[in-house]
Amino acid sequence: MYRVVALGEARTRLAELRRQQEHMHRCGACQVEMGRAVGTKYVVAGWVQKVSNLILNINIELREVASDRVVLNKSVDIRGNNDRAWEHGMRFLLRDFAEKRAANPDYGL
């Protein structure tokens with residue numbers, strides 16, 4: 001459905017934006033700028049919230065670059081801060097997205 005693209009020359013600008021922004025996921029304009037810099041139709045931002053030592057929340061936001069429109073927000077809670085819990089959470093996000101996309105081809109667009 002999507003592919004990861006190399007940052008190439010945009011890597012320098014990303015480093016500048018990271019120094020300017022406390023939380024890159026809160027800067028939609030930064031996400032759009034990076035998407036345009038690498039020539040993508042969509043850009044995704046991800047972040048993790050630590051609720052407690054046991055509970056973490058993984059979040060992703062998919063944004064359409066041309067319209068600066070958020071087309072998808074997804075989130076999952078994980079129990080435990082270890083590789084197994086992280087992998088389980090990420091697999092759930094991807095599987096849930098793929099299943100919803102299969103049922104509705106416009107999901108996430």
**Q** If you count every heavy atom of other residues, nucleotides or ligands that lies below 6.0 Å from Asn104 atom CG, does the total exceed 12?
**A**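 Enclosed: over 12 neighbouring heavy atoms sit under 6.0 Å from CG of Asn104.
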
**Q** Is there a path of hydrophobic side-chain contacts, each under 4.5 Å between heavy atoms of I/L/V/M/F/W/Y residues, joining Leu62 to Trp47?
**A**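 In one cluster: no.
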
**Q** Return yes when atom CG of Asn82 has more than 12 non-hydrogen atoms of other residues, nucleotides or ligands closer than 6.0 Å, and no otherwise.
**A**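 More than 12 heavy atoms, drawn from other residues, nucleotides or ligands, come within 6.0 Å of this atom.
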
**Q** Look up atom NZ in Lys41 and atom OG in Ser67, then write down how far apart they are to the nearest 0.5 Å.
**A**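 Interatomic distance, Lys41 NZ to Ser67 OG, rounded to 0.5 Å: 10.0 Å.
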
**Q** Answer with yes or no whether the side chains of Trp86 and Asn81 bring together a donor and an acceptor at under 3.5 Å.
**A**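 The criterion, which ignores hydrogens and geometry beyond distance, is satisfied for Trp86 and Asn81.
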
**Q** So if you build clusters from Ile, Leu, Val, Met, Phe, Trp, Tyr with side-chain heavy-atom gaps below 4.5 Å, do Ile58 and Val51 land together?
**A**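 Different clusters.
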
**Q** How long is the gap from NZ on Lys100 to CZ on Arg95, to the nearest 0.5 Å?
**A**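 Reported to 0.5 Å precision, the distance equals 11.5 Å.
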
**Q** Determine whether Ile55 and Arg79 make a side-chain contact, defined as any pair of heavy atoms from C-beta on separated by less than 4.5 Å.
**A**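 Counting from C-beta outward, Ile55 and Arg79 do come under 4.5 Å.
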
**Q** If we only count heavy atoms from C-beta on, is the Tyr42 to Leu72 side-chain gap below 4.5 Å?
**A**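 Not touching, per the 4.5 Å side-chain cut-off.
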
**Q** For residues Arg101 and Tyr107, report the shortest heavy-atom separation together with the two atoms involved.
**A**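 Closest approach of Arg101 to Tyr107, heavy atoms only: CD-O, 3.0 Å.
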
**Q** Can you find a heavy atom in the side chain of Asp68 that is under 4.5 Å from one in the side chain of Arg63?
**A**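 Answer yes - side chains close enough.
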
**Q** Shared ILVMFWY cluster between Val71 and Ile60, side chains joined below 4.5 angstrom?
**A**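 Val71 and Ile60: one cluster.
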
**Q** Give me the atom names and distance for the closest heavy-atom approach of Gly80 to Ala85.
**A**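 Taking Gly80 first and Ala85 second, the nearest heavy atoms are O-CB, 3.2 Å.
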
**Q** With clusters defined by side-chain heavy atoms of hydrophobic residues (ILVMFWY) lying less than 4.5 Å apart, directly or transitively, does Val44 cluster with Phe97?
**A**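 In one cluster: yes.
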
**Q** For Ala10 and Met34, which heavy atoms make the closest approach, and how far apart are they?
**A**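 For Ala10 versus Met34, the nearest heavy atoms are O-CE, 3.4 Å.
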
**Q** Say whether Val32 and Val38 are linked into one hydrophobic cluster, either directly or through other cluster members, by side-chain heavy-atom distances under 4.5 angstrom.
**A**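 No; Val38 is not reachable from Val32 via cluster members.
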
**Q** Closest heavy-atom contact between Val65 and Arg36?
**A**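 What the structure gives for the nearest pair is CG1-CG, 3.4 Å.
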
**Q** For atom CZ of Arg69, decide whether the heavy atoms of other residues, nucleotides or ligands shown that lie under 6.0 angstrom number more than 12.
**A**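 Yes.
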
**Q** For a quick test of your reading: what N or O donor-acceptor pairs under 3.5 Å do the side chains of residues 14-30 make, sequence neighbours left out?
**A**
{"from": "Glu16", "atom 1": "OE1", "to": "Arg13", "atom 2": "NH1", "distance (Å)": "3.1"}

**Q** Got a second to check how far Thr40's OG1 is from Glu64's CD, nearest 0.5 Å?
**A**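 These two atoms lie 10.5 Å from each other.
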
**Q** Would you say Ile78 and Met90 make side-chain contact, with heavy atoms under 4.5 Å?
**A**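 No, their side chains stay 4.5 Å or more apart.
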
